[in-house]
Amino acid sequence: MIRAAILGYGNIGGGVAEVITKNQDQVAKAVGDSVEIKYVLDLREFPGDPMEKKVVHDIDTIINDPEIKVIAETMGGDEPAYTFTKKALEAGKSVCTSNKELVANHGPELMRIAKEHDCNYFIEASVGGGIPIIRTLNEALKQEHILNVTGIVNGTTNYILTKMEKEGAAYADVLKQAQDLGYAERNPEADVEGYDACRKIAILSSLMSGKNVDFKEVYTEGITKIGAEDFLYAKKMGKTIKLLAMSKKEENGYNVMVAPFYLGENHPLYPVNDVFNAVFVKGDMLDDSMYYGRGAGKLPTASAVVADMIQAAKNLGRNLPVEWSDEKETVLPVENTSRAFFVRLDINQVTPQQALDAFGGTLVEVEELSDEVGILTKVMTEKDCKAKCEALKGVKGVIRVEA
Ligand code: HSE
C-alpha cells in the first residue's frame with residue numbers, strides 16, 4: 001500500500017480525498033498497488049467527515065513519517081505552501097499541486113529540488129483544471145517546437161462572460177454564482193483582473209520554452225471593464241468576448257499577454273462556454289490542436305491532482321525530468337504587437353468620420369446605443385492604437401480583436 005497525505009482540506013483537497021476513495025479501483029489498477037490517504041493537514045477540525053481521524057495540524061507529522069511517499073498540495077497561495085512543499089521534496093516525498101501561484105512563483109526551483117532528491121514536483125492541476133495540458137506539453141508534444149499556445153484558462157471569467165452574453169446577466173450577480181459554485185479564487189480579484197490566467201500562461205510559456213517566463217512581465221488585463229454594451233457590439237458583429245491568455249514564440253522571445261478579445265465565429269475558442277477551458281496549441285510539425293474540458297471545480301481539478309499522484313506513486317525514488325530551467329526567457333514588449341482593435345467612441349465628442357480617419361477600418365453601430373459608435377480598426381500596433389486613443393477625444397473603451 002502507498003500512503004499519501006493531503007495538505008489543505010478545502011474544495012480541491014476534499015475532492016482529492018473523494019476521487020481517491022470513490023475511484024480506488026482505478027487508482028490501484030494504475031499504480032499496481034492501493035493508495036491510502038493517511039493524513040490531511042489543515043488548521044480546522046472536520047467532525048463527522050470521513051477524513052476526521054486523519055486530520056493533523058503539524059506539517060512535521062507528515063514530513064517525519066517515512067511511510068508517506070506522495071503528497072497532494074491543495075492549499076493555494078505562496079506561504080506556507082512554499083515552505084511545506086520544499087520540506088516535503090527535501091525529504092524525498094513527491095508533491096502534486098493545484099497551486100498555480102506557487103508554481104508560477106517557484107516552479108523551476110521546486111522542480112530542481114525534486115530532482116536533487118529523486119522525487120517529483122508535479123503540476124498538472126495548476127493549469128486548465130481537468131484538462132491534461134501539462135502532460136500534453138511535457139510528454140505528448142515533446143518532439144514539437146511549440147509556436148503558439150492560446151487558451152481560455154480561467155473558468156470563473158469564462159462563466160461570467162458566458163452568462164453576461166447569453167442571459168444579459170449583471171457582472172456582480174454572476175460573480176457571486178461562480179463563487180457559490182466553487183470556481184472562483186478566495187479573492188475574486190485574481191480571476192476577474194486576469195492574475196490567475198496570467199500565472200497559468202506564464203507556466204505554459206515556460207514549458208513551451210524550457211526557460212522561465214516570469215508572470216510579472218506578462219501584460220495582463222481582466223474583464224472588470226467589460227459591460228453589456230460590449231456584448232451589443234459583439235452580437236452585431238457576430239462575435240463573442242473571451243478572456244484569452246496567449247503566448248507566441250518569436251525569433252527573439254515570447255509575446256505573452258492576457259486580455260479580453262473579440263473572437264469571430266470561426267475562431268476555435270469561440271464555442272468554449274461556461275466554466276469550460278480550452279487550450280489551442282500550434283506545433284511546428286503537428287500544426288493546430290486543441291484541448292478542452294472543465295477548467296475549474298472540485299472534482300475535475302482533483303482528478304488532475306490524482307493523475308499526478310498516480311504518476312508519483314508509479315515512480316517512487318525516480319525523478320521524471322521536466323524542462324523548465326531558472327534561466328530567464330525574454331518576454332517581448334506588448335507595444336510592438338499588431339492586431340485589429342474595437343474602439344468605442346462618444347459621438348458627442350468626435351464625429352464618426354474623424355474616428356474613421358484616425359483608425360481606418362469599419363464603422364459599427366447598434367440601435368440601443370445612440371450616443372456612440374464603434375470602429376473595428378485596421379491592423380495596427382498596440383503603440384499606434386494607444387497613441388490614437390490618447391489623441392482623440394471621446395474614447396469610451398478598447399477591446400482587442402483576434403482574427
Ligand atoms: N479560479 C480558477 C478558475 C480555478 O476559475 O479557473 C481553477 O484554476
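Index from 1, following the sequence. All values derive from a computational prediction rather than experimental measurement. Counting starts at 1 for both ligands and their atoms, following the listed order.
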With nothing but distance in play, are any N or O atoms of N277 less than 3.5 Å from an N or O of ligand 1?
no
Of all the heavy atoms in G295, does at least one lie under 4.0 Å from an atom in ligand 1?
yes
For atom 1 (N) of ligand 1, find the nearest protein heavy atom and state the residue, atom name and distance (0.1 Å precision).
E185 OE2, 2.6 Å
Is it true that E402 and K242 make a salt bridge, defined as a side-chain N closer than 4.0 Å to a carboxylate O?
no
Identity and separation of the nearest protein heavy atom to atom 6 (O) of ligand 1:
G155 N, 2.7 Å
Which heavy atom of the protein is the closest neighbour of atom 5 (O) of ligand 1, given with residue, atom name and distance?
T156 OG1, 2.6 Å
Check each atom of ligand 1 against the heavy atoms of K200 and keep those under 4.0 Å away; list them by number with element.
2 (C), 3 (C), 6 (O), 7 (C), 8 (O)
Could you check whether R135 pairs with D308 (Lys NZ or Arg NE/NH1/NH2 to Asp/Glu carboxylate O, under 4.0 Å)?
yes
Once the angle between the rings of Y292 and F276 is folded into 0 to 90°, is it parallel (under 30°), tilted (30 to 60°) or perpendicular (over 60°)?
parallel
Would you check the N or O atoms of A296, main chain and side chain alike, for any that come under 3.5 Å of an N or O of ligand 1?
no
Show me which atoms of ligand 1 lie under 4.0 Å from any heavy atom of N154.
2 (C), 3 (C), 5 (O), 6 (O)
Any chance you could measure S206, atom OG, to K328, atom NZ, to the nearest 0.5 Å?
10.5 Å
Can you name the salt bridge (Lys or Arg N to Asp or Glu O under 4.0 Å) partners of K176, sequence neighbours left out?
D180
Carboxylate-amine/guanidinium contact K38 D65, below 4.0 Å
yes
For atom 8 (O) of ligand 1, tell me which residue out of R199, K100, E101 has the closest non-hydrogen atom.
K100
Please say which of K235, K166, E165 ends up in a side-chain hydrogen bond (donor to acceptor under 3.5 Å, both in side chains) with T240.
E165
Can you list the atoms of ligand 1 that are under 4.0 Å from a heavy atom of D191?
1 (N), 2 (C), 3 (C), 5 (O)
